[in-house]
Amino acid sequence: MRLEIAVLEGDGIGPEVMAPTLALLETLAPEAGVEFAFRALPAGAGCYRDTGEALPEASLDAARAADAILLSAMGLPDVRYPDGTEISPQIALRMAFGLFAGVRPVRTIPGAPGPLAGAPALDFVIIRESTEGLFASHGRGVVEADRARETLEITRATSEKLFDAGFAMARRRRELGRGRGLVHCVDKANVFKAFAFFRAIFRERAALNPDVAAETAYVDATALWMVQRPAMFDVIVTENMFGDILSDLGAGLMGGLGVAPSADIGEAQAVFQPCHGSAPDIAGKGVANPCAMILSAAMMLDWLGERRGHAGLCAAAARLERAVDAALADPAARTADLGGRATTAQAAAAVAAALTAQPAGG
Ligand code: ATP
């Protein structure tokens, strides 16, 4: 099977972490039984500076037509729109393709110096609604002389799709032996009507998915529990802004942004990108951690495999994830963000070596 992958390598460390990721995908292609055609598409802050467009129409069209989209990081501190806001075509992509489910795995990786060192391993997933909530107001906020307003929006249609994605994810994690089949709806239903509405829809969808356990929690308590007793979570579904914040908390629990992958999934298309930004402070130095990008590519393989019923791709996803874990178990493969001294190239080479060292089919 030939798969066309749209590649948006973006700004800052984006190209530095994308290149080794594509090389690993090429290595995996034969055993996965696929052939990748990578199509590089211009987008991002550099593109805006050079052409006046952050996400050219041609890039958007090509991304729409691709089988999946890999995106590294976009934005540069000194390149902004005239109103001072950051260049963030990834938000435009979410809106253009209706990528409502922002999937953020929170998983302890051996060797990643998380703050919960010594605690049992973590493995849960946050699904952040990614097209509405408070971000529905993106670019539409009103600032007057002495007051400012942004409006939070929750719709029934998107909430239903979000919750169904949560129940499907919990079911799949249970099949894979990674979760116990539990979804938490995280909101602030005790204060805001919009969240009471959100929670009521969750209960309706839970009733239609009786094989998966359903619980609700307030976002403030969830932040506390993610630190104090994270093992209680399997799948969390939440509003956009809450998910934005909780997923960075999750990245912190994992040991940092350098190992935190993500996926933004819609009905017809999906974008896979690390949780981190373009890290301008370390760009060009060759020291960025490529693991978040590599793990995002693993999520892409799994999504493509599940969607197409292609077991080879799902197996390749699991292999790539295991290779990252195996590589990072050795301090010599850890980049500075993980307390090590490896360069991007050395970390990526360690992942490639771990991939080769895995027994076939293992
Ligand atoms: P954005 O708003 O675009 O998400 P940000 O301003 O939150 O970006 P990042 O660009 O993600 O921030 O960088 C935050 C910090 O984490 C920086 O100090 C950066 O160097 C570090 N960092 C981010 N990604 C990596 C990585 N892959 N490897 C090493 N350090 C990283």
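We count ligands from 1, going down the list as the structure has it; atoms in each ligand are counted the same way.
Residue contacts with ligand 1: G75 is excluded, as none of its non-hydrogen atoms falls under 4.0 Å. Residue contact check for ligand 1: I13 places a non-hydrogen atom closer than 4.0 Å to it.
Side-chain atoms of E129 and T158 form no donor-acceptor pair, as typed in the model, at a separation below 3.5 Å.
Centroid-to-centroid, the aromatic rings of F192 and F198 stay 6.0 Å apart or farther. Between F195 and F242, the gap from one ring centroid to the other is short of 6.0 Å.
Proximity of A73 to ligand 1, defined as any heavy-atom pair under 4.0 Å, is not found for any part of the residue. Looking at I282 against ligand 1, only its side chain comes within 4.0 Å, counting heavy atoms. Counting heavy atoms under 4.0 Å from ligand 1, residue T335 does not touch it at all.
Ring pair F202/F163 is perpendicular by interplanar angle, where above 60° counts as perpendicular and below 30° as parallel.
With ligand atoms numbered from 1 in the order given, ligand 1 contributes 28 (N) to contacts under 4.0 Å with heavy atoms of A288. Taking every non-hydrogen atom of S278 and a distance limit under 4.0 Å, the qualifying atoms of ligand 1 come out as 10 (O).
The shortest distance between side-chain heavy atoms of F167 and V237 does not fall below 4.5 Å. Side-chain contact between E321 and D302 is absent, with no heavy-atom pair separated by less than 4.5 Å. Contact annotation: the side chain of L76 never approaches that of I87 to less than 4.5 Å [non-hydrogen atoms, C-beta and beyond].
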*Candidate pair T344 and E16, rule side chain to side chain donor-acceptor pair (under 3.5 Å), full reasoning*: CA-CA 8 Å; T344 307; E16 298 171 39; 4.7 Å; no
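Protein heavy atom nearest atom 23 (C) of ligand 1, with residue, atom name and distance: H276 CB, 3.6 Å. When only non-hydrogen protein atoms are considered, atom 15 (C) of ligand 1 lies nearest to L257 CD1, 4.6 Å. The protein non-hydrogen atom at the shortest distance from atom 20 (O) of ligand 1 is D281 OD1, 2.8 Å. Counting protein heavy atoms only, atom 27 (N) of ligand 1 is closest to N289 O, 3.0 Å. Residue, atom and distance of the protein heavy atom nearest to atom 2 (O) of ligand 1 are E86 OE1, 4.2 Å. Counting only heavy atoms of the protein, atom 11 (O) of ligand 1 lies nearest to G277 N, 2.6 Å.
No cation-pi contact links R94 to F135, judged by a cut-off of 6.0 Å to the six-membered ring centre and 45° from its axis.
In this structure, of A45, A292, P77, A279, the residue bringing a heavy atom nearest to atom 22 (N) of ligand 1 is A279.
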